[in-house]
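Proteins come first, then strands; the chains are lettered A, B, ... in the order of their sequence lines, and each starts at number 1.
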Amino acid sequence: MRQRIVALVETALQAAATAEELVSSPFPAVIIGTPANPEHGDFSCNIAMQLAKGERKAPRQVAEIIIRLIGSNTGLLSKCEIAGPGFINFYVAPAAWQQTLLEIEAEGETFGRTSRGSGKKVQVEFVSANPTGPLHIGHGRGAAIGDSICRLLQATGWDVTREFYYNDAGQQISNLALSVQARCLGIEPDDLRWPTDGYQGEYIKDVARSYLAKETVDSDDRHVTALGDPDDLDDIRNFAVACLRREQDQDLKAFDVHFDVFTLESSLYSEGRVEAVVRLLVENGHAYEQDGALWLRTTEFGDDKDRVMRKSDGGYTYFVPDIAYHLGKWERGFTRVVNEQGSDHHSTIIRVRAGLQALNRGIPKGWPEYVLHQMVTVLRGGEEVKISKRAGSYVTLRDLIDEVGRDAVRFFFIMRKPDSQLVFDIDLAKEQSPDNPVYYVQYAHARICSIFENARDKGFTASERPLPSAITVLETPEELQLIKLLSALPDTVDDSAQNFEPHRLTYYLTELAGCFHSFYNKNRVISEDADLTQARLYLLKRTAQTLKNALTILGISAPERM
RNA sequence: GGGCGGUUAGCUCAGUUGGAUAGAGUACAGGCCUCCGAAGCCUGGGGUCGCGGGUUCGAAUCCCGCAUCGCCCGCCA
């Protein structure tokens, strides 16, 4: 609907330019807003105020020209008038609103989807947890946001590749192996022989037990059998990483989050990609030796100090494989890449981008794009749960899903914009009360389904497509309000996807559910008036479909009963 | 000291990319089920949009400065 209004205005502007009534072409993009006050119509346009200066005319005078050229014979509008300082307000005819229901029905499960990214590829990397422990609540937020972004991009036509990067090399993995080894030898965390920075969680004991029992880890792409030798640190490392990767796979499966590609940091070393990147950086003259280490001159690309690439002990720092990894993404043809990660890693952005620029491969400066989410704090029993991976005290994603339910966890994690910190109150999320917005939304869907059952018992069906004339009886304020909101789904999906902000869709859902509940309380659906009953059932069928489509885009179920 | 993010109703948060009288949930006060699911609806009070400048027809939104909270600033990842 918004697009139709845009087209009306653009056509009028063209006509004005042709007739030389307006001279300031090319005109700026036409932006159609929705007034906060319903008395100001369904849509409004501020173009007249923007043009006024260049036209040397009063805004209202410009608006008058545009309105005259829009004309009144489109059938789309019931009214179109100048208001305030020079707004053009559009009042869409009820008949035009009613007919959108037929379009929603025709689009069915695809209603809400757009074609903005059609035919284009995008790669989204998210979660990317180190295989040193089960996924915790912070990874959960990343998983929920990342997965929702993928679904939103798919809903707007993009061909999405979901990717998970495993840091299975480096210091943390050594600590993991040493921790498991210590447990194999019966060493406790308070023992003097306990490794520095060792992981103390209970799950380390489980891994050690499995290792000593010579168990086999079976997962999609890996089958690792433990030798059971506490002195073989390499074997312990392989086994532990396999164990924890399997563990994380299961966590993600429980959350209904799936990936297309898993890249292992270790593979970047074994394939020589890390060495190749370093060589290229040296050849391009962006590196230098100092204090026995090899440095990258990241200050040439906006960093506040240069960074070590190869430590004096010969090992590489984490961001070197990161650069190699991202070069690989570029070479795979992804001209658009989005990385979703915790904001505590934001300092990597400038380093990775600097490294990519230093490679001189024609990679754009702002590539890849980033979505950073802020910290999650956990409340249980009104008290904050301190998260410490090493001490092993934290809420795992799996526990949370088991306790709260997958739908509620997903909804909670995405209902605030990624930029704001999130307080996850476990007790509140567990409550099946109206405080919990996911229940409010799902309840609306279940309630509609229940009405259909009731209608079926009374001999009504909502299946057949009505004649356009049959739905003109839908004219109460609540009915029209509901229809207007239904037709706003595609715009909402588009906005959410473009801004990587899934929370916009959760707000839409809450508003739509509320709109339905208001309608329900004031308008009886099943009545003696058979024609009206049919029309209202038809409206509710579209409402249920819209709720379900939007929920599906967020990976949340639309139950028919609760 | 530097970087990123936050600051809007008692509390938790939105704010359609600069628009008209700043919204929702919760909490509080009151009302609505002989009737399709009350996990619901309706009404009411509640605000210096952190502070101060600037930009313009118009600012919660953009620019500058300040305050404050969180995260980061390692030859850890």
Engineer: CD1 of A/Ile349 versus C1' of B/C73: gap in Å, rounded?
Structural biologist: 14 Å
Engineer: With a 4.0 Å heavy-atom cut-off, tell me which residues in residues 518-528 of chain A come close to RNA chain B, sorted by residue number.
Structural biologist: A/Ser518, A/Tyr520, A/Asn521, A/Asn523, A/Arg524, A/Val525, A/Ile526
Engineer: Counting the atoms with a prime plus P, OP1 and OP2 as sugar-phosphate, which does A/Asp494 contact under 4.0 Å by heavy atoms, base, sugar-phosphate, or nothing?
Structural biologist: nothing
Engineer: Using Watson-Crick or G-U wobble pairs with both distances under 3.5 Å, give me RNA chain B in dot-bracket, 5' to 3', with [ ] for crossers and | for pairs to another strand.
Structural biologist: (((((((..((((.....[...)))).(((((.......))))).....(((((..]....))))))))))))....
Engineer: Just to be sure I understand the rule, does A/Ala83 reach a base, reach only the sugar-phosphate, or reach nothing, if contact means heavy atoms closer than 4.0 Å?
Structural biologist: base
Engineer: Which residue pairs pass the side-chain hydrogen bond (donor to acceptor under 3.5 Å, both in side chains) test when at least one of the two sits in residues 30-41 of chain A, sequence neighbours left out?
Structural biologist: none
Engineer: For a quick test of your reading: what N or O donor-acceptor pairs under 3.5 Å do the side chains of residues 321-329 of chain A make, sequence neighbours left out?
Structural biologist:
unit_1: A/Tyr325; atom_1: OH; unit_2: A/Glu163; atom_2: OE2; d: 3.0
unit_1: A/His326; atom_1: ND1; unit_2: A/Asp322; atom_2: O; d: 2.9
unit_1: A/His326; atom_1: NE2; unit_2: A/Lys329; atom_2: NZ; d: 3.3
unit_1: A/His326; atom_1: NE2; unit_2: A/Asn339; atom_2: ND2; d: 2.8
unit_1: A/Lys329; atom_1: NZ; unit_2: A/Glu125; atom_2: OE1; d: 2.7
unit_1: A/Lys329; atom_1: NZ; unit_2: A/Asn339; atom_2: OD1; d: 3.0

Engineer: Both A/Glu39 and A/Gly514 contact RNA chain B. Which one's nearest nucleotide lies toward the 5' end?
Structural biologist: A/Glu39
Engineer: Would you call A/Lys522 and A/Glu478 a salt bridge, using N to O less than 4.0 angstrom?
Structural biologist: yes
Engineer: Using a cut-off of strictly less than 4.0 Å between a heavy atom of the residue and any atom of RNA chain B, enumerate the qualifying residues of residues 302-309 of chain A by number.
Structural biologist: A/Lys305, A/Val308
Engineer: Could you check whether A/Ser44 gets within reach of a base, just the sugar-phosphate, or nothing at all, counting any heavy atom under 4.0 Å?
Structural biologist: base
Engineer: Measure centre to centre between the rings of A/Phe164 and A/Tyr166, then say whether the value is under 6.0 Å.
Structural biologist: yes
Engineer: With respect to the phosphate group of B/G5, does any side-chain polar atom (N or O) of A/Lys417 fall under 4.0 Å of OP1 or OP2?
Structural biologist: no
Engineer: Starting the side chain at C-beta, find the nucleotide from B/G70, B/G6, B/G40 nearest to A/Tyr440.
Structural biologist: B/G40
Engineer: If we only count heavy atoms from C-beta on, is the A/Phe500 to A/Ile145 side-chain gap below 4.5 Å?
Structural biologist: no
Engineer: Have a look at A/Tyr508 and say if it touches a base, only the backbone sugar-phosphate, or nothing, with a 4.0 Å heavy-atom cut-off.
Structural biologist: nothing
Engineer: Let's test your reading of the model: under 3.5 Å, does the base of B/C75 pair with the side chain of A/Thr317 as donor and acceptor?
Structural biologist: no
Engineer: Any base atoms under 4.0 Å from A/Arg561, or only sugar-phosphate, or nothing? Heavy atoms, all strands.
Structural biologist: base
Engineer: Side-chain donor-acceptor pair under 3.5 Å between A/Gln171 and A/Ser174, yes or no?
Structural biologist: no
Engineer: With respect to the phosphate group of B/G74, does any side-chain polar atom (N or O) of A/Lys311 fall under 4.0 Å of OP1 or OP2?
Structural biologist: no
Engineer: Taking any heavy-atom pair under 4.0 Å as a contact, classify A/Ala455: base, sugar-phosphate, or nothing.
Structural biologist: nothing
Engineer: With hydrogens left out and only the distance checked, is there a donor-acceptor pair under 3.5 Å joining A/Tyr439's side chain and the base of B/A39?
Structural biologist: no
Engineer: For a quick test of reading the model: is some side-chain N or O of A/Ser420 closer than 4.0 Å to OP1 or OP2 of B/A14?
Structural biologist: yes
Engineer: Quick check for you: among B/C75, B/G5, B/C13, whose closest atom lies nearest to any side-chain atom of A/Gln421?
Structural biologist: B/G5
Engineer: If you measure from the ring centre of A/Tyr507 to the centre of the six-membered ring in the base of B/A14, is it under 5.5 Å, with the planes under 30° apart?
Structural biologist: no
Engineer: Taking atom types as they are modelled, is there a donor-acceptor pair under 3.5 Å from the base of B/G5 to the side chain of A/His346?
Structural biologist: no
Engineer: Describe the nucleic acid contact of A/His517 in one word from base, sugar-phosphate, nothing, applying a heavy-atom distance below 4.0 Å.
Structural biologist: sugar-phosphate
Engineer: Taking only the C1' atom of each, what is the distance from B/U21 to B/U26 in whole angstrom?
Structural biologist: 24 Å
Engineer: OP1, OP2 of B/G37 versus side-chain N and O of A/Ser450: anything below 4.0 Å?
Structural biologist: yes
Engineer: Grab the CG-P distance between A/Asp529 and B/C36 for me, whole Å please.
Structural biologist: 19 Å
Engineer: Does B/C4 count as syn, meaning its glycosidic angle lies within 90° of 0, or as anti?
Structural biologist: anti
Engineer: Please check if the distance between the ring centroids of A/Tyr91 and A/Phe43 is under 6.0 Å.
Structural biologist: no
Engineer: Does A/Met415 reach a base, just sugar-phosphate, or nothing at all? Heavy atoms under 4.0 Å.
Structural biologist: nothing
Engineer: Strictly below 4.0 Å, heavy-atom distances to any atom of RNA chain B: list the hits from residues 29-38 of chain A, or just say none.
Structural biologist: A/Thr34, A/Asn37
Engineer: Is the shortest side-chain N/O distance from A/His503 to OP1 or OP2 of B/G15 below 4.0 Å?
Structural biologist: yes
Engineer: Which part of the nucleic acid, if any, lies within reach of A/Asp495 when heavy atoms closer than 4.0 Å are counted: base, sugar-phosphate only, or nothing?
Structural biologist: sugar-phosphate
Engineer: Students often get this wrong, so: under 4.0 angstrom with heavy atoms, is A/Asp291 touching a base, only sugar-phosphate, or nothing?
Structural biologist: base
